[in-house]
Colleague: 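Quick one: the structure is below, and I'll ask about it shortly.
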Number of protein chains: 2
Amino acid sequence: MVSPEERGLIEGMTMRRRLLRKGEELVSQHSQPSESCIVLSGFTAREVVLDDGKRQITALHIPGDFVDLHAFLLKVMDHSVVALTDCEAAYVPHRELLRVIDRSAHLGRLFWLSTVIDGAIQRAWITSSGRRAATAHLGHLICELYLRLQAVDLARDGTFSFPVAQGELADALGFSLVHVNRTLQELRATGFVRWKGSTITILDFDGLAVLSQFDPTYLNLITLPR
Amino acid sequence: MVSPEERGLIEGMTMRRRLLRKGEELVSQHSQPSESCIVLSGFTAREVVLDDGKRQITALHIPGDFVDLHAFLLKVMDHSVVALTDCEAAYVPHRELLRVIDRSAHLGRLFWLSTVIDGAIQRAWITSSGRRAATAHLGHLICELYLRLQAVDLARDGTFSFPVAQGELADALGFSLVHVNRTLQELRATGFVRWKGSTITILDFDGLAVLSQFDPTYLNLITLPR
DNA sequence: CGCGCAATTGATTGATGTCAATTGGAGTGG
DNA sequence: CCACTCCAATTGACATCAATCAATTGCGCG
């Protein structure tokens, strides 16, 4: 996917690293970032807080994700990115991105691809939110997370760590906290998933996928640069 | 935004035009298009049909929109694009896009921007679906459509034509048809909006925007190429 | 052991989906 | 111009789903 010279270009990007505690903001809503941010470890989320205090999470990000690459083009952030756990992030100045893209159209296209896959995931969330039953909505998210985490070696044998509270999950799914809890119990009752503390185990992926009407095509994990 | 040479590049793209009747597919789910499609006239929508027959519309497109530009990178369509009204479309081969992008990095970035704005709109839909009241959800969509249509001269003085049935709207909002109808009545009762036949008139944009918690920043209409 | 936060539960209210008519309006043929 | 047809909009009654409110339990940690 990526040639040695391209790898060199990427590794040559100056970036600033930063450690964040759970709850801190990596990027602020309404800001006009001059750099974009890659998560190196930990879970983060894009969130929008409405006037009435309600919160919606529009994306969950895992290590390796370029969380606000779209800010390279969009200029004004329409949401924040917050740390759901302690995490580490690398900030790449937009001028560096520009430099890399100028030297390698192929890398530019991989960056573009990254934002486009983001969009595909968002479409799946819209579909879940609008037309899937609560258990399927939650199940779909679990399938998505599992495959994404597996692609970066953070999941295997159906198991991964997901140290995120039910309240956060509620804001991602558009549920109330209580409803998350009950939906989770329903899902456990199917026997397809075990969820204990911060460890999720998918006992029957195919079963869960059918229940959740999950089709992995949209994640395009095959063509990912790594 | 676009220099004369760039305009020349765009106008030089070979493309195939096609007329479509209401209900026809511009692009099919699971297909692997070798061209991407611009809507020239009429309303279209991205839709996903689930196994159980439920349908979700994940985007509404208006004339000027590049409806499946992401297919240039994603290869496999995770949804269809259907005509909500009779419409005209232009199909641009991916090899032409590649040629244009190679000659003008700036145009390449505008294409990228187009997909990124798409993503911002999708995030707004996720937020509406998850955390906004029914009237606000519908109101938000109306605000969005108005500004987008205004930007391409298809709306003025608060008025635009939207010849789309309530059933389609239901699939876009994730509501039932009956619920769309009742939410529409509630919205009319606020006095902010008139909706008669296929003509929508926003009588009080600011009022509607407050009700819907609408913040136009995300549409980035200022930086749009046209 | 006791604190504090997250998970869980129960009871109730409110929002939305479903089913089944009924109404309204545009187009068509007589 | 009128009767008819078809489809979209609207309405009413009812069933479900999910939010809210208010405890209570469970668990990790000092």
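Scope of the values below: all heavy atoms of this structure, side chains included, with no hydrogens, waters or symmetry mates. Chain A is the first sequence line, chain B the second, and so forth, proteins listed ahead of strands; every chain is numbered from 1.
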Colleague: Write down the distance between NZ (K196(B)) and C1' (dA26(C)), rounded to a whole number of angstrom.
Modeller: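 That distance rounds to 12 Å.
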
Colleague: So among K54(A), E47(A), R55(A), which one has a side chain to side chain contact (heavy atoms under 4.5 Å, CB included) with D171(A)?
Modeller: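 Exactly one pass, corresponding to R55(A).
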
Colleague: Taking any atom under 4.0 angstrom from a heavy atom of chain A, which nucleotides of DNA chain D are the first and last to qualify, 5' to 3'?
Modeller: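 Footprint of chain A along DNA chain D, 5' to 3': dA18(D) to dC21(D).
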
Colleague: Nearest-Å distance, CZ (F162(A)) to P (dA7(C))?
Modeller: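 From F162(A) CZ to dA7(C) P: 11 Å.
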
Colleague: Evaluate the ring planes of H179(B) and F175(B), with Trp represented by its six-membered ring, and classify them as parallel (under 30°), tilted (30 to 60°) or perpendicular (over 60°).
Modeller: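 Rings of H179(B) and F175(B): tilted, as their planes differ by 30° to 60°.
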
Colleague: Hey, what's the ring geometry for H140(A) with F214(A), parallel, tilted or perpendicular (30° and 60° as the breaks)?
Modeller: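 Rings of H140(A) and F214(A): perpendicular, as their planes differ by over 60°.
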
Colleague: Rounded to the Å, how far apart are Q166(A) CD and dA6(C) P?
Modeller: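 One finds 11 Å between P of dA6(C) and CD of Q166(A), rounded.
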
Colleague: Starting at the 5' end of DNA chain C, which residue's closest nucleotide do you reach first, A165(A) or G130(A)?
Modeller: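 Taking each residue's closest nucleotide, the earlier one in sequence belongs to A165(A).
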
Colleague: How many whole angstroms separate atom CZ of F175(B) from atom P of dA15(C)?
Modeller: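 After rounding, the reported distance stands at 13 Å.
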
Colleague: Distance from S114(B) atom OG to L69(B) atom CG, nearest 0.5 Å?
Modeller: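 The OG atom of S114(B) sits 5.0 Å away from the CG atom of L69(B).
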
Colleague: Looking at every strand, decide which applies to L184(A) at a 4.0 Å heavy-atom threshold: base, sugar-phosphate, or nothing.
Modeller: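 If one applies the 4.0 Å heavy-atom cut-off, L184(A) turns out to touch nothing in the nucleic acid.
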
Colleague: Expressed as a whole number of angstroms, how long is the span from D171(B):CG to dG17(C):C1'?
Modeller: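 Distance, rounded to whole Å: 14 Å.
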
Colleague: Rounded to the nearest Å, what distance is computed from the CG atom of residue N181(A) to the P atom of nucleotide dG10(C)?
Modeller: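 Rounded to the whole Å, the gap is 11 Å.
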
Colleague: Taking NZ, NE, NH1 and NH2 as the nitrogens, is one of them in K22(A) or D86(A) under 4.0 Å from a carboxylate oxygen of the other?
Modeller: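 Looking at K22(A) and D86(A), the cut-off is not met.
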
Colleague: Please state how far atom CZ in R182(A) lies from atom P in dA6(C), giving the value in whole angstrom units.
Modeller: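 Those two atoms, CZ and P, are 19 Å apart.
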
Colleague: Using heavy atoms to find the nearest nucleotide of DNA chain D for V164(B) and V180(A) separately, return the residue whose nucleotide is more 5′.
Modeller: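 Closer to the 5' end of DNA chain D: V164(B).
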
Colleague: Measure the spacing between CG of L208(B) and CG of L187(B) and express it to the nearest 0.5 Å.
Modeller: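 One gets 6.0 Å once the value is rounded to the nearest 0.5 Å.
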
Colleague: Just the rounded figure in Å: distance from C1' of dG17(C) to CZ of R131(A).
Modeller: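 Distance, rounded to whole Å: 10 Å.
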
Colleague: Is D118(B) paired with R46(B) through a side-chain N to carboxylate O contact shorter than 4.0 Å?
Modeller: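 Counted as a salt bridge, because a side-chain N and a carboxylate O are separated by less than 4.0 Å.
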
Colleague: Hey, does R132(B) reach any base, or is it just sugar-phosphate, or nothing, if we go heavy atoms under 4.0 Å?
Modeller: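 Since no nucleic acid heavy atom lies under 4.0 Å of R132(B), the category is nothing.
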
